[in-house]
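Working notes, beginning with the structure itself.
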2 protein chains.
Amino acid sequence: MLKRSISFLRSLNLMRLREGIQATRPTSSQLHHMISERKRREKLNESFHTLKSLLPSGTKKDKASVLTTAREYLTSLRAQVAELSKRNQQLEARLPPAAKEAYNEEAAAAAGSSNERVSVTLTRAVSESTPDQDQQIFDLQVVLRSVECCTEDLVIRILEFLKQVNNVSLMSMEANTWMSGSDSNVNRVILRLRVDQGTEWDEAAFQEAVRRVVADLALNNCRNQ
Amino acid sequence: MLKRSISFLRSLNLMRLREGIQATRPTSSQLHHMISERKRREKLNESFHTLKSLLPSGTKKDKASVLTTAREYLTSLRAQVAELSKRNQQLEARLPPAAKEAYNEEAAAAAGSSNERVSVTLTRAVSESTPDQDQQIFDLQVVLRSVECCTEDLVIRILEFLKQVNNVSLMSMEANTWMSGSDSNVNRVILRLRVDQGTEWDEAAFQEAVRRVVADLALNNCRNQ
DNA sequence: GAGGACACGTGATGC
DNA sequence: TGCATCACGTGTCCT
(Lines give C-alpha, C1' and ligand atoms only; values in the text may rest on other atoms or scores of the structure.)
Protein backbone atom coordinates (compact mmCIF):
# COMPACT_ATOMS: atom_id res chain seq x y z
CA MET A 1 0.00 0.00 0.00
CA LEU A 2 2.38 2.66 1.22
CA LYS A 3 5.31 1.05 -0.56
CA ARG A 4 3.10 1.06 -3.60
CA SER A 5 2.64 4.78 -3.81
CA ILE A 6 6.26 5.40 -2.97
CA SER A 7 7.55 3.22 -5.74
CA PHE A 8 4.96 4.69 -8.07
CA LEU A 9 6.21 8.19 -7.43
CA ARG A 10 9.73 6.92 -7.79
CA SER A 11 8.94 5.34 -11.12
CA LEU A 12 7.41 8.59 -12.24
CA ASN A 13 10.58 10.36 -11.30
CA LEU A 14 12.63 7.84 -13.18
CA MET A 15 10.44 8.26 -16.20
CA ARG A 16 10.82 12.01 -16.03
CA LEU A 17 14.55 11.52 -15.86
CA ARG A 18 14.63 9.22 -18.83
CA GLU A 19 12.35 11.57 -20.68
CA GLY A 20 14.79 14.33 -20.12
CA ILE A 21 17.56 12.13 -21.31
CA GLN A 22 16.07 10.10 -24.14
CA ALA A 23 13.46 12.61 -25.27
CA THR A 24 11.43 10.24 -27.48
CA ARG A 25 8.85 8.02 -25.75
CA PRO A 26 5.79 6.26 -27.29
CA THR A 27 3.99 5.99 -23.96
CA SER A 28 0.86 4.76 -25.71
CA SER A 29 1.56 1.03 -25.79
CA GLN A 30 4.41 1.06 -23.30
CA LEU A 31 2.05 2.06 -20.52
CA HIS A 32 -0.29 -0.76 -21.40
CA HIS A 33 2.57 -3.18 -21.38
CA MET A 34 3.63 -1.86 -18.02
CA ILE A 35 0.32 -2.29 -16.27
CA SER A 36 -0.15 -5.64 -17.96
CA GLU A 37 3.11 -6.88 -16.54
CA ARG A 38 2.09 -5.46 -13.20
CA LYS A 39 -1.14 -7.48 -13.35
CA ARG A 40 0.83 -10.57 -14.22
CA ARG A 41 3.08 -10.10 -11.22
CA GLU A 42 0.13 -9.55 -8.92
CA LYS A 43 -1.55 -12.71 -10.13
CA LEU A 44 1.64 -14.68 -9.70
CA ASN A 45 2.13 -13.39 -6.19
CA GLU A 46 -1.45 -14.24 -5.37
CA SER A 47 -0.84 -17.79 -6.47
CA PHE A 48 2.27 -17.85 -4.35
CA HIS A 49 0.37 -16.78 -1.29
CA THR A 50 -2.50 -19.20 -1.77
CA LEU A 51 -0.01 -21.99 -2.32
CA LYS A 52 1.86 -21.04 0.82
CA SER A 53 -1.39 -21.08 2.77
CA LEU A 54 -1.84 -24.73 1.87
CA LEU A 55 1.60 -25.76 2.99
CA PRO A 56 2.37 -26.84 6.55
CA SER A 57 2.11 -23.78 8.72
CA GLY A 58 5.77 -23.44 9.59
CA THR A 59 6.79 -22.48 6.07
CA LYS A 60 9.01 -19.51 5.35
CA LYS A 61 7.31 -16.91 3.22
CA ASP A 62 10.40 -17.03 1.06
CA LYS A 63 9.44 -17.56 -2.58
CA ALA A 64 12.00 -20.27 -3.20
CA SER A 65 11.14 -21.94 0.08
CA VAL A 66 7.50 -22.04 -0.95
CA LEU A 67 8.43 -23.92 -4.09
CA THR A 68 10.79 -26.40 -2.44
CA THR A 69 8.52 -27.12 0.52
CA ALA A 70 5.64 -27.50 -1.89
CA ARG A 71 7.68 -30.08 -3.72
CA GLU A 72 8.58 -31.94 -0.53
CA TYR A 73 5.05 -31.83 0.80
CA LEU A 74 3.75 -33.09 -2.49
CA THR A 75 6.05 -36.09 -2.58
CA SER A 76 5.22 -36.76 1.04
CA LEU A 77 1.51 -36.77 0.29
CA ARG A 78 2.11 -39.01 -2.67
CA ALA A 79 3.97 -41.50 -0.53
CA GLN A 80 1.15 -41.40 1.99
CA VAL A 81 -1.39 -42.11 -0.71
CA ALA A 82 0.65 -45.01 -2.03
CA GLU A 83 1.12 -46.49 1.40
CA LEU A 84 -2.51 -46.09 2.35
CA SER A 85 -3.61 -47.56 -0.95
CA LYS A 86 -1.37 -50.57 -0.50
CA ARG A 87 -2.54 -51.09 3.04
CA ASN A 88 -6.08 -50.76 1.82
CA GLN A 89 -5.59 -53.50 -0.72
CA GLN A 90 -4.14 -55.74 1.95
CA LEU A 91 -7.16 -55.16 4.11
CA GLU A 92 -9.57 -55.73 1.27
CA ALA A 93 -7.81 -58.90 0.33
CA ARG A 94 -8.07 -60.17 3.86
CA LEU A 95 -11.63 -59.07 4.44
CA PRO A 96 -13.68 -60.71 1.69
CA PRO A 97 -13.55 -64.30 2.97
CA ALA A 98 -16.56 -63.35 5.03
CA ALA A 99 -18.42 -63.13 1.76
CA LYS A 100 -21.46 -61.03 2.40
CA GLU A 101 -24.61 -63.01 2.89
CA ALA A 102 -26.72 -60.47 1.06
CA TYR A 103 -24.55 -60.89 -1.98
CA ASN A 104 -24.68 -64.64 -1.58
CA GLU A 105 -28.42 -64.73 -1.32
CA GLU A 106 -28.73 -62.51 -4.30
CA ALA A 107 -26.53 -64.78 -6.34
CA ALA A 108 -28.30 -67.81 -4.96
CA ALA A 109 -31.61 -66.34 -5.93
CA ALA A 110 -30.41 -65.56 -9.40
CA ALA A 111 -28.75 -68.92 -9.82
CA GLY A 112 -30.76 -71.14 -7.52
CA SER A 113 -34.03 -70.38 -9.17
CA SER A 114 -32.73 -72.04 -12.25
CA ASN A 115 -32.54 -75.66 -11.25
CA GLU A 116 -29.37 -76.38 -13.12
CA ARG A 117 -26.74 -78.33 -11.33
CA VAL A 118 -23.94 -75.94 -12.05
CA SER A 119 -24.16 -72.19 -11.81
CA VAL A 120 -21.40 -69.66 -12.33
CA THR A 121 -21.83 -65.99 -11.51
CA LEU A 122 -19.29 -63.26 -11.97
CA THR A 123 -19.85 -59.92 -10.27
CA ARG A 124 -17.73 -56.85 -10.17
CA ALA A 125 -16.63 -56.33 -6.59
CA VAL A 126 -17.64 -52.93 -5.31
CA SER A 127 -14.28 -51.78 -4.07
CA GLU A 128 -15.24 -48.39 -2.74
CA SER A 129 -11.74 -47.48 -1.71
CA THR A 130 -9.80 -48.03 -4.89
CA PRO A 131 -12.32 -47.05 -7.55
CA ASP A 132 -10.43 -47.45 -10.76
CA GLN A 133 -6.74 -47.92 -10.67
CA ASP A 134 -4.84 -50.14 -13.02
CA GLN A 135 -6.76 -53.21 -11.97
CA GLN A 136 -10.26 -54.49 -11.42
CA ILE A 137 -11.57 -56.88 -8.82
CA PHE A 138 -14.18 -59.52 -9.51
CA ASP A 139 -15.99 -62.07 -7.39
CA LEU A 140 -16.50 -65.41 -9.05
CA GLN A 141 -19.00 -67.77 -7.48
CA VAL A 142 -19.33 -71.37 -8.56
CA VAL A 143 -22.12 -73.56 -7.21
CA LEU A 144 -22.22 -77.26 -8.01
CA ARG A 145 -25.12 -79.23 -6.63
CA SER A 146 -26.51 -82.71 -6.75
CA VAL A 147 -23.28 -84.05 -8.18
CA GLU A 148 -21.17 -86.59 -6.39
CA CYS A 149 -18.01 -84.66 -6.77
CA CYS A 150 -15.70 -83.92 -3.93
CA THR A 151 -14.86 -80.30 -3.25
CA GLU A 152 -11.16 -80.94 -3.75
CA ASP A 153 -11.64 -81.81 -7.39
CA LEU A 154 -13.84 -78.84 -8.03
CA VAL A 155 -11.41 -76.38 -6.48
CA ILE A 156 -8.43 -77.98 -8.18
CA ARG A 157 -10.14 -77.81 -11.55
CA ILE A 158 -11.05 -74.16 -11.13
CA LEU A 159 -7.57 -73.20 -9.97
CA GLU A 160 -5.92 -75.12 -12.78
CA PHE A 161 -8.08 -73.17 -15.19
CA LEU A 162 -7.21 -69.89 -13.53
CA LYS A 163 -3.52 -70.60 -13.87
CA GLN A 164 -3.99 -70.74 -17.63
CA VAL A 165 -5.50 -67.28 -17.73
CA ASN A 166 -2.49 -65.05 -17.55
CA ASN A 167 -3.88 -61.64 -16.73
CA VAL A 168 -5.93 -62.67 -13.72
CA SER A 169 -4.61 -63.54 -10.29
CA LEU A 170 -6.25 -64.96 -7.19
CA MET A 171 -6.63 -62.64 -4.23
CA SER A 172 -8.60 -64.92 -1.94
CA MET A 173 -11.10 -67.75 -2.05
CA GLU A 174 -13.34 -69.86 0.09
CA ALA A 175 -15.11 -73.14 -0.45
CA ASN A 176 -17.91 -74.88 1.38
CA THR A 177 -19.69 -78.17 1.17
CA TRP A 178 -22.97 -79.00 2.77
CA MET A 179 -25.76 -81.51 2.46
CA SER A 180 -28.86 -80.54 0.58
CA GLY A 181 -31.97 -82.61 1.02
CA SER A 182 -31.66 -86.32 1.38
CA ASP A 183 -28.31 -87.40 -0.03
CA SER A 184 -27.08 -84.86 -2.53
CA ASN A 185 -24.54 -82.27 -1.49
CA VAL A 186 -23.81 -78.74 -2.62
CA ASN A 187 -20.37 -77.33 -3.34
CA ARG A 188 -19.87 -73.61 -3.42
CA VAL A 189 -16.63 -71.84 -4.24
CA ILE A 190 -16.18 -68.08 -4.13
CA LEU A 191 -13.04 -66.57 -5.57
CA ARG A 192 -11.96 -62.98 -5.51
CA LEU A 193 -9.92 -62.24 -8.59
CA ARG A 194 -7.75 -59.32 -9.58
CA VAL A 195 -7.73 -58.61 -13.29
CA ASP A 196 -4.81 -56.63 -14.62
CA GLN A 197 -6.19 -53.89 -16.76
CA GLY A 198 -4.79 -53.10 -20.14
CA THR A 199 -5.09 -56.56 -21.59
CA GLU A 200 -8.27 -57.72 -23.15
CA TRP A 201 -10.83 -58.97 -20.68
CA ASP A 202 -14.11 -60.45 -21.90
CA GLU A 203 -16.27 -60.84 -18.86
CA ALA A 204 -18.92 -62.99 -20.46
CA ALA A 205 -16.39 -65.21 -22.21
CA PHE A 206 -14.51 -65.77 -18.98
CA GLN A 207 -17.68 -66.70 -17.14
CA GLU A 208 -18.71 -69.07 -19.90
CA ALA A 209 -15.29 -70.68 -19.90
CA VAL A 210 -15.50 -71.33 -16.19
CA ARG A 211 -18.97 -72.73 -16.61
CA ARG A 212 -17.78 -75.13 -19.26
CA VAL A 213 -14.86 -76.27 -17.15
CA VAL A 214 -17.09 -76.99 -14.18
CA ALA A 215 -19.78 -78.63 -16.29
CA ASP A 216 -17.18 -80.82 -17.91
CA LEU A 217 -15.89 -81.87 -14.53
CA ALA A 218 -19.40 -82.70 -13.34
CA LEU A 219 -20.10 -84.73 -16.46
CA ASN A 220 -16.93 -86.77 -16.19
CA ASN A 221 -17.54 -87.41 -12.56
CA CYS A 222 -21.05 -88.68 -13.22
CA ARG A 223 -19.74 -91.07 -15.84
CA ASN A 224 -17.13 -92.46 -13.54
CA GLN A 225 -19.74 -93.43 -11.06
CA MET B 1 22.49 -21.38 -23.96
CA LEU B 2 22.49 -19.36 -27.16
CA LYS B 3 19.95 -16.89 -25.85
CA ARG B 4 22.19 -16.60 -22.85
CA SER B 5 25.22 -15.35 -24.66
CA ILE B 6 23.14 -13.06 -26.86
CA SER B 7 21.49 -11.36 -23.93
CA PHE B 8 24.84 -11.21 -22.18
CA LEU B 9 26.39 -9.33 -25.05
CA ARG B 10 23.34 -7.12 -25.18
CA SER B 11 23.65 -6.30 -21.51
CA LEU B 12 27.29 -5.45 -22.02
CA ASN B 13 26.34 -3.06 -24.77
CA LEU B 14 23.68 -1.47 -22.62
CA MET B 15 26.19 -1.05 -19.85
CA ARG B 16 28.60 0.61 -22.20
CA LEU B 17 25.84 2.97 -23.31
CA ARG B 18 24.90 3.91 -19.78
CA GLU B 19 28.54 4.39 -19.01
CA GLY B 20 28.81 6.90 -21.73
CA ILE B 21 25.70 8.69 -20.57
CA GLN B 22 25.87 8.68 -16.80
CA ALA B 23 29.63 8.81 -16.48
CA THR B 24 29.83 7.67 -12.82
CA ARG B 25 29.67 3.88 -12.27
CA PRO B 26 30.83 1.80 -9.30
CA THR B 27 30.81 -1.40 -11.34
CA SER B 28 32.56 -3.20 -8.51
CA SER B 29 29.51 -4.07 -6.42
CA GLN B 30 26.91 -3.61 -9.16
CA LEU B 31 28.31 -6.53 -11.11
CA HIS B 32 28.24 -8.70 -8.04
CA HIS B 33 24.65 -7.73 -7.45
CA MET B 34 23.82 -8.55 -11.02
CA ILE B 35 25.22 -12.06 -10.99
CA SER B 36 23.75 -12.63 -7.57
CA GLU B 37 20.30 -11.81 -8.85
CA ARG B 38 20.99 -14.00 -11.84
CA LYS B 39 21.81 -16.88 -9.50
CA ARG B 40 18.62 -16.28 -7.60
CA ARG B 41 16.57 -16.42 -10.76
CA GLU B 42 18.25 -19.61 -11.88
CA LYS B 43 17.56 -21.31 -8.58
CA LEU B 44 13.96 -20.18 -8.66
CA ASN B 45 13.46 -21.48 -12.18
CA GLU B 46 15.05 -24.76 -11.21
CA SER B 47 12.54 -25.12 -8.41
CA PHE B 48 9.80 -24.32 -10.87
CA HIS B 49 10.91 -27.05 -13.23
CA THR B 50 11.32 -29.69 -10.54
CA LEU B 51 7.91 -28.81 -9.19
CA LYS B 52 6.36 -29.05 -12.64
CA SER B 53 7.95 -32.47 -13.12
CA LEU B 54 6.03 -33.73 -10.11
CA LEU B 55 2.68 -32.48 -11.32
CA PRO B 56 0.39 -34.57 -13.53
CA SER B 57 2.00 -34.84 -16.92
CA GLY B 58 -0.49 -32.72 -18.82
CA THR B 59 0.52 -29.51 -17.08
CA LYS B 60 1.28 -26.34 -18.99
CA LYS B 61 4.81 -25.16 -18.48
CA ASP B 62 3.30 -21.79 -17.72
CA LYS B 63 4.65 -20.41 -14.45
CA ALA B 64 1.27 -19.40 -13.10
CA SER B 65 -0.24 -22.66 -14.26
CA VAL B 66 2.42 -24.55 -12.37
CA LEU B 67 1.45 -22.76 -9.19
CA THR B 68 -2.30 -23.17 -9.62
CA THR B 69 -2.15 -26.80 -10.69
CA ALA B 70 0.24 -27.47 -7.85
CA ARG B 71 -2.36 -26.02 -5.53
CA GLU B 72 -5.17 -28.09 -7.04
CA TYR B 73 -3.11 -31.27 -7.09
CA LEU B 74 -2.12 -30.71 -3.51
CA THR B 75 -5.70 -30.34 -2.32
CA SER B 76 -6.65 -33.35 -4.39
CA LEU B 77 -3.95 -35.47 -2.78
CA ARG B 78 -5.04 -34.25 0.61
CA ALA B 79 -8.60 -35.30 -0.10
CA GLN B 80 -7.37 -38.68 -1.28
CA VAL B 81 -5.39 -39.14 1.89
CA ALA B 82 -8.38 -38.24 4.00
CA GLU B 83 -10.68 -40.56 2.09
CA LEU B 84 -8.25 -43.46 2.11
CA SER B 85 -7.60 -42.95 5.78
CA LYS B 86 -11.30 -42.99 6.55
CA ARG B 87 -11.85 -46.06 4.43
CA ASN B 88 -8.91 -47.67 6.15
CA GLN B 89 -10.41 -47.11 9.55
CA GLN B 90 -13.66 -48.60 8.36
CA LEU B 91 -11.90 -51.67 7.06
CA GLU B 92 -9.88 -52.10 10.19
CA ALA B 93 -13.02 -51.75 12.24
CA ARG B 94 -14.75 -54.36 10.12
CA LEU B 95 -11.86 -56.79 10.12
CA PRO B 96 -11.96 -58.14 13.69
CA PRO B 97 -15.62 -59.27 13.53
CA ALA B 98 -14.39 -62.04 11.32
CA ALA B 99 -13.80 -63.65 14.71
CA LYS B 100 -10.76 -65.40 13.40
CA GLU B 101 -8.30 -62.80 14.55
CA ALA B 102 -7.91 -64.38 17.95
CA TYR B 103 -7.39 -67.71 16.34
CA ASN B 104 -5.11 -66.18 13.77
CA GLU B 105 -3.00 -64.39 16.31
CA GLU B 106 -2.74 -67.51 18.34
CA ALA B 107 -1.60 -69.48 15.36
CA ALA B 108 0.58 -66.64 14.20
CA ALA B 109 2.15 -66.43 17.60
CA ALA B 110 2.77 -70.13 17.58
CA ALA B 111 4.00 -70.17 14.01
CA GLY B 112 5.03 -66.60 13.28
CA SER B 113 7.46 -66.38 16.12
CA SER B 114 9.48 -68.97 14.37
CA ASN B 115 10.66 -67.14 11.32
CA GLU B 116 10.35 -70.13 9.07
CA ARG B 117 8.81 -69.55 5.71
CA VAL B 118 6.31 -72.34 6.00
CA SER B 119 4.23 -73.05 9.07
CA VAL B 120 1.55 -75.71 9.48
CA THR B 121 -0.70 -75.86 12.52
CA LEU B 122 -3.40 -78.37 13.20
CA THR B 123 -5.94 -77.64 15.92
CA ARG B 124 -8.96 -79.64 17.03
CA ALA B 125 -12.00 -77.54 16.24
CA VAL B 126 -14.36 -77.06 19.14
CA SER B 127 -17.42 -78.15 17.23
CA GLU B 128 -20.23 -76.98 19.42
CA SER B 129 -22.85 -78.50 17.20
CA THR B 130 -21.69 -82.06 16.95
CA PRO B 131 -19.88 -82.73 20.20
CA ASP B 132 -18.44 -86.14 19.63
CA GLN B 133 -20.12 -88.38 17.18
CA ASP B 134 -18.34 -90.85 14.99
CA GLN B 135 -16.16 -88.13 13.49
CA GLN B 136 -13.75 -85.45 14.51
CA ILE B 137 -13.21 -82.01 13.04
CA PHE B 138 -9.84 -80.34 12.67
CA ASP B 139 -8.68 -76.95 11.45
CA LEU B 140 -5.55 -77.03 9.39
CA GLN B 141 -3.77 -73.76 8.81
CA VAL B 142 -0.93 -73.41 6.34
CA VAL B 143 1.06 -70.19 6.09
CA LEU B 144 3.63 -69.74 3.37
CA ARG B 145 5.58 -66.50 3.38
CA SER B 146 8.39 -64.88 1.50
CA VAL B 147 8.09 -67.39 -1.28
CA GLU B 148 7.23 -66.42 -4.80
CA CYS B 149 4.55 -69.03 -5.09
CA CYS B 150 1.09 -68.29 -6.33
CA THR B 151 -1.80 -69.25 -4.15
CA GLU B 152 -3.24 -71.50 -6.80
CA ASP B 153 -0.29 -73.87 -6.67
CA LEU B 154 -0.29 -73.98 -2.91
CA VAL B 155 -3.98 -74.80 -2.69
CA ILE B 156 -3.79 -77.35 -5.46
CA ARG B 157 -0.87 -79.09 -3.83
CA ILE B 158 -2.61 -79.30 -0.48
CA LEU B 159 -5.85 -80.57 -1.99
CA GLU B 160 -4.01 -83.15 -4.08
CA PHE B 161 -2.41 -84.37 -0.92
CA LEU B 162 -5.72 -84.49 0.92
CA LYS B 163 -7.22 -86.61 -1.82
CA GLN B 164 -4.62 -89.26 -1.12
CA VAL B 165 -5.58 -89.47 2.52
CA ASN B 166 -8.64 -91.64 2.45
CA ASN B 167 -10.21 -91.17 5.84
CA VAL B 168 -10.28 -87.35 5.83
CA SER B 169 -12.63 -85.14 3.82
CA LEU B 170 -12.79 -81.42 3.26
CA MET B 171 -15.68 -79.53 4.82
CA SER B 172 -14.67 -76.01 3.93
CA MET B 173 -11.63 -73.94 3.25
CA GLU B 174 -10.45 -70.41 2.65
CA ALA B 175 -7.30 -68.93 1.21
CA ASN B 176 -5.83 -65.45 1.25
CA THR B 177 -2.87 -63.68 -0.23
CA TRP B 178 -1.53 -60.37 0.90
CA MET B 179 1.63 -58.38 0.68
CA SER B 180 3.98 -58.37 3.61
CA GLY B 181 6.57 -55.68 3.85
CA SER B 182 8.23 -54.51 0.70
CA ASP B 183 7.74 -57.14 -1.96
CA SER B 184 7.23 -60.53 -0.36
CA ASN B 185 3.76 -61.93 -0.12
CA VAL B 186 2.09 -64.21 2.37
CA ASN B 187 -0.20 -67.08 1.50
CA ARG B 188 -2.51 -68.48 4.12
CA VAL B 189 -4.84 -71.42 3.69
CA ILE B 190 -7.24 -72.63 6.35
CA LEU B 191 -9.00 -75.95 5.85
CA ARG B 192 -11.68 -77.51 8.01
CA LEU B 193 -11.36 -81.27 7.83
CA ARG B 194 -13.62 -84.07 8.92
CA VAL B 195 -11.79 -87.17 10.03
CA ASP B 196 -13.73 -90.44 9.99
CA GLN B 197 -13.27 -92.09 13.31
CA GLY B 198 -12.41 -95.73 13.64
CA THR B 199 -9.41 -95.73 11.38
CA GLU B 200 -6.02 -94.89 12.65
CA TRP B 201 -5.32 -91.14 12.81
CA ASP B 202 -1.93 -89.85 13.78
CA GLU B 203 -2.32 -86.14 14.27
CA ALA B 204 1.37 -85.32 14.43
CA ALA B 205 2.19 -87.48 11.44
CA PHE B 206 -0.51 -85.84 9.37
CA GLN B 207 0.70 -82.38 10.26
CA GLU B 208 4.26 -83.31 9.45
CA ALA B 209 3.19 -84.77 6.13
CA VAL B 210 1.43 -81.55 5.18
CA ARG B 211 4.44 -79.58 6.25
CA ARG B 212 6.70 -81.66 4.04
CA VAL B 213 4.38 -81.27 1.07
CA VAL B 214 4.27 -77.50 1.40
CA ALA B 215 7.98 -77.20 2.07
CA ASP B 216 8.66 -79.31 -0.99
CA LEU B 217 6.49 -77.04 -3.08
CA ALA B 218 8.26 -73.95 -1.78
CA LEU B 219 11.62 -75.49 -2.49
CA ASN B 220 10.73 -76.45 -6.02
CA ASN B 221 9.31 -73.03 -6.66
CA CYS B 222 12.47 -71.37 -5.40
CA ARG B 223 14.54 -73.56 -7.66
CA ASN B 224 12.45 -72.73 -10.66
CA GLN B 225 13.29 -69.08 -10.30
C1' DG C 1 28.49 -2.41 4.57
C1' DA C 2 27.98 -7.07 2.67
C1' DG C 3 24.13 -10.11 1.28
C1' DG C 4 19.68 -11.75 0.17
C1' DA C 5 14.92 -11.04 -1.29
C1' DC C 6 11.33 -8.29 -4.04
C1' DA C 7 9.14 -5.42 -7.24
C1' DC C 8 9.72 -2.79 -10.97
C1' DG C 9 10.09 -1.42 -16.00
C1' DT C 10 11.70 -3.05 -20.39
C1' DG C 11 13.24 -5.67 -24.48
C1' DA C 12 12.56 -10.10 -26.71
C1' DT C 13 9.95 -14.12 -28.21
C1' DG C 14 6.10 -17.15 -29.50
C1' DC C 15 1.20 -17.38 -30.59
C1' DT D 1 -0.98 -6.87 -35.89
C1' DG D 2 -1.92 -7.44 -30.56
C1' DC D 3 -1.21 -10.35 -26.56
C1' DA D 4 0.96 -13.04 -22.94
C1' DT D 5 4.99 -14.81 -21.01
C1' DC D 6 9.68 -14.61 -19.93
C1' DA D 7 14.53 -13.04 -18.54
C1' DC D 8 17.10 -9.34 -17.53
C1' DG D 9 19.26 -5.41 -14.93
C1' DT D 10 18.35 -2.23 -11.35
C1' DG D 11 16.77 0.20 -7.11
C1' DT D 12 15.31 -0.51 -2.56
C1' DC D 13 14.45 -2.57 1.80
C1' DC D 14 15.85 -5.57 5.52
C1' DT D 15 18.97 -8.29 8.25
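Since we're looking at a predicted model, the values are computed, not measured. Per chain, numbering begins at 1; letters A, B, ... match sequence-line order.
Residue contacts shown for B/His32 are limited to sugar-phosphate atoms, with no base heavy atom under 4.0 Å away. No engagement by A/Lys60 is indicated, since no non-hydrogen atom pair under 4.0 Å with the nucleic acid exists.
Taking only side-chain nitrogens and oxygens, B/Ser36 comes nearer than 4.0 Å to OP1 or OP2 of C/dG4. An OP1 or OP2 oxygen of C/dG3 is reached within less than 4.0 angstrom by no side-chain nitrogen or oxygen of B/Lys39.
The side chain of B/Arg40 lies closest to C/dC6, out of C/dC8, C/dG4, C/dC6. Of the candidate nucleotides D/dA4, C/dT10, D/dG9, D/dG9 has the atom lying nearest to any side-chain atom of B/Arg38. With D/dC6, D/dT10, C/dC6 as the candidates, the nucleotide lying closest to the side chain of A/Glu37 is D/dC6. Side-chain atoms of B/Asp62 lie closest to D/dC6 of the nucleotides C/dC6, D/dA4, D/dC6.
B/Ser172 is linked by a side-chain hydrogen bond (donor to acceptor under 3.5 Å, both in side chains) to nothing, counting only residues two or more places apart in sequence or in another chain.
The residue from B/Glu42, B/Glu46, B/Arg40 that alone fulfils the side chain to side chain contact (heavy atoms under 4.5 Å, CB included) condition with B/Leu44 is B/Arg40.
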Where each pair must be Watson-Crick or G-U wobble with both distances under 3.5 Å, what dot-bracket representation of DNA chain C is obtained, with crossing pairs in [ ] and other-strand partners as |? .|.||||||||||||
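Going from atom CE of B/Met34 over to atom P of C/dG4 covers 15 Å, rounded to whole Å. Taking atom CD of A/Glu42 as the reference point, atom P of C/dC6 lies 17 Å away to the nearest angstrom. We find that CD1 of A/Ile35 is positioned 14 Å from C1' of C/dC8, with the value rounded to whole Å. Rounded to whole angstrom, the span from the NE2 atom of A/His49 across to the C1' atom of C/dA5 amounts to 13 Å. At whole-Å resolution of the value, CG in A/Asn45 and P in C/dA5 are 15 Å apart. Between the NZ atom of B/Lys63 and the P atom of C/dA7 there is a distance of 13 Å, given to the nearest Å. One interatomic measurement links the two molecules: CG of B/Leu31 to P of D/dG11, which rounds to 13 Å at whole-angstrom precision. D/dC6 atom P lies 12 Å from atom NZ of B/Lys52, rounded to whole Å.
The local environment of CD in A/Glu208 is crowded, with over 12 non-hydrogen atoms from other residues, nucleotides or ligands closer than 6.0 Å.
With hydrogens and angles disregarded, a donor-acceptor distance shorter than 3.5 Å links the side chain of A/Ser53 to the backbone of A/Thr50. Remark: the backbone N or O of A/Val120 is paired with a side-chain donor or acceptor of A/Gln207 at under 3.5 angstrom.
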Run B/Lys63 and B/Asn45 through side-chain contact (heavy atoms from CB on, under 4.5 Å) and show every step you take. CA-CA 9 Å; B/Lys63 244 169 188 172; B/Asn45 281 336; 3.2 Å; yes
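Between the base of D/dG9 and the side chain of B/Arg41 there is a donor-acceptor pair shorter than 3.5 Å. Interface remark: the B/His33 side chain does not form any donor-acceptor pair with the C/dG3 base, using a distance-only criterion of under 3.5 Å.
B/Leu55 and B/Ala70 get closest at one heavy-atom pair: CD2-CA, 3.6 Å.
No side-chain N or O of B/Arg78 forms a donor-acceptor pair with one of B/Tyr73 less than 3.5 Å apart.
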